[in-house]
Amino acid sequence: AQLSASSSSEAAARWGGSAGTSHGASGSQLLRYFVFAELPESWADMQEPLLEGMCFTLKYLGMTLVEKPKGEDMAAAAIRRIVATARVGARKFQKVILTVSPRGISLQDADTKEMVENISIYRISYCTTDKLQNKVFAYVAQSQESGALECHAFLSPKKKIAQAVTLTVAQAFQMALDLWEAAHAGR
């Protein structure tokens with residue numbers, strides 16, 4: 001499926017406020033806090049494949065803790081820290097299959113097929129394609145274990161793939177909202 005990138009190189013999907021309790025944000029928080037990047041006109045065509053999950057093969061660069069759940073400046077600074085740390089280490093980056101669905105993001109090791117992490121859509125507060133490091137996709141999520149806000153960064157083979165991951169997360173947020181609204185209609 002073809003995704004068009006938004007006009008901004010920082011195509012971002014985000015919702016404000018905290019990522020919620022250990023049970024995630026409630027539906028009403030979801031309704032109040034969603035702010036979306038421009039979705040492509042082909043959005044309606046993307047719904048069916050997205051329900052099952054759209055997969056991207058990326059290299060995991062690392063994670064850093066952040067103070068705020070959202071913001072372009074916060075994300076850019078976090079990505080700079082992650083990239084600087086990644087450049088210092090002479091290690092091979094873990095290749096992962098990142099799957100985006102209305103349930104959230106799942107990470108699977110591309111070589112061993114072992115599940116690395118499953119992040120609920122309700123725990124993700126921000127995602128972006130970095131303006132300067134335009135092959136880097138990053139998201140901010142609240143850790144289920146510690147409650148801390150973590151920024152995770154991934155290197156994609158091309159700028160357009162990083163943008164496609166970001167737009168796909170935006171579409172997943174929209175679909176999660178649509179599903180929530182449908183489930184709570186008439187209450």
* Any idea which heavy atoms bring Cys127 and Thr166 closest together, and the distance? -> SG-CG2, 3.9 Å
* Output yes when a side-chain donor or acceptor of Ser156 lies under 3.5 Å from a complementary backbone atom of Lys135, and no otherwise. => yes
* Asked: Under 3.5 Å, side chain of Arg81 to main-chain N/O of Leu65, donor-acceptor pair present?
  -> yes
* **Spacing of Ile97 atom CD1 and Ser106 atom OG [to the nearest 0.5 Å]** => 9.0 Å
* **Ile79 side chain near Thr128 side chain, heavy-atom distance below 4.5 Å** => yes
* Find out whether Thr57 and Lys95 are in side-chain contact, i.e. whether some heavy atom of one side chain is under 4.5 Å from a heavy atom of the other. => yes
* Contacts of type side chain to side chain donor-acceptor pair (under 3.5 Å), residue Asp109, not counting sequence neighbours -> Gln94, Thr112
* To do: Quickly, which of Arg123, His152, Met74, Glu150 forms a side-chain contact (heavy atoms from CB on, under 4.5 Å) with Val140? Name it, please.
  => Met74
* Do the side chains of Tyr60 and Ile124 join up, straight or via other hydrophobic residues, at under 4.5 Å, putting them in one cluster? -> yes
* To do: For residues Leu149 and Lys68, determine if any side-chain heavy atom of one lies less than 4.5 Å from a side-chain heavy atom of the other.
  => no
* So, the side chain of Ser143 versus the backbone of Ala148: is there a donor-acceptor pair under 3.5 Å, distance only? -> no
* Structure fact -> Nearest heavy-atom approach of Met175 to Pro102 is SD-CG, 3.2 Å
* Does Val169 belong to the same Ile/Leu/Val/Met/Phe/Trp/Tyr cluster as Val116, with side-chain heavy atoms less than 4.5 Å apart forming each link? -> yes
* To do: Nearest 0.5 Å please: distance from the OG1 atom of Thr99 over to the CD1 atom of Ile105.
  => 10.0 Å
* Asked: Is any side-chain heavy atom of Ile161 closer than 4.5 Å to a side-chain heavy atom of Phe137?
  -> no
* To do: Flag the pair Gln108 / Glu114 as yes when at least one side-chain heavy-atom distance between them is below 4.5 Å, and no otherwise.
  => no
* Structure fact -> Rounded to the nearest 0.5 angstrom, the CG-CZ distance for Leu132 and Arg80 is 7.5 Å
* Could you tell me which non-hydrogen atom of Ala86 sits nearest to which non-hydrogen atom of Leu61, and how far apart they are? => CB-O, 4.0 Å
* Any side-chain heavy-atom pair from Gln171 and Val100 closer than 4.5 angstrom? -> no
* From NZ (Lys160) to CG (Leu167), nearest 0.5 Å -> 10.5 Å
* **Pairwise distance CG(Leu155) to CG(Asp130) - rounded to 0.5 angstrom** => 11.5 Å
* First locate atom CD of Gln133, then atom NZ of Lys159, and finally report the distance between them rounded to the nearest 0.5 Å. => 13.0 Å
* Between Met115 and Ile119, is there a shared hydrophobic cluster once you connect ILVMFWY residues whose side-chain heavy atoms come closer than 4.5 Å? -> no
* Mind checking whether Lys131 and Glu72 have side chains closer than 4.5 Å, heavy atoms only? -> yes
* Asked: At their closest point, which heavy atom of Ser125 faces which heavy atom of Pro69, and how far apart are they?
  -> OG-O, 2.5 Å
* Asked: If we only count heavy atoms from C-beta on, is the Phe154 to Leu107 side-chain gap below 4.5 Å?
  -> yes
* Connected via hydrophobic side-chain network under 4.5 Å: Val136 and Phe56 -> no
* Asked: Quick one: do Phe173 and Tyr122 end up in the same hydrophobic cluster if we chain Ile, Leu, Val, Met, Phe, Trp and Tyr together by side-chain heavy atoms under 4.5 Å apart?
  -> yes
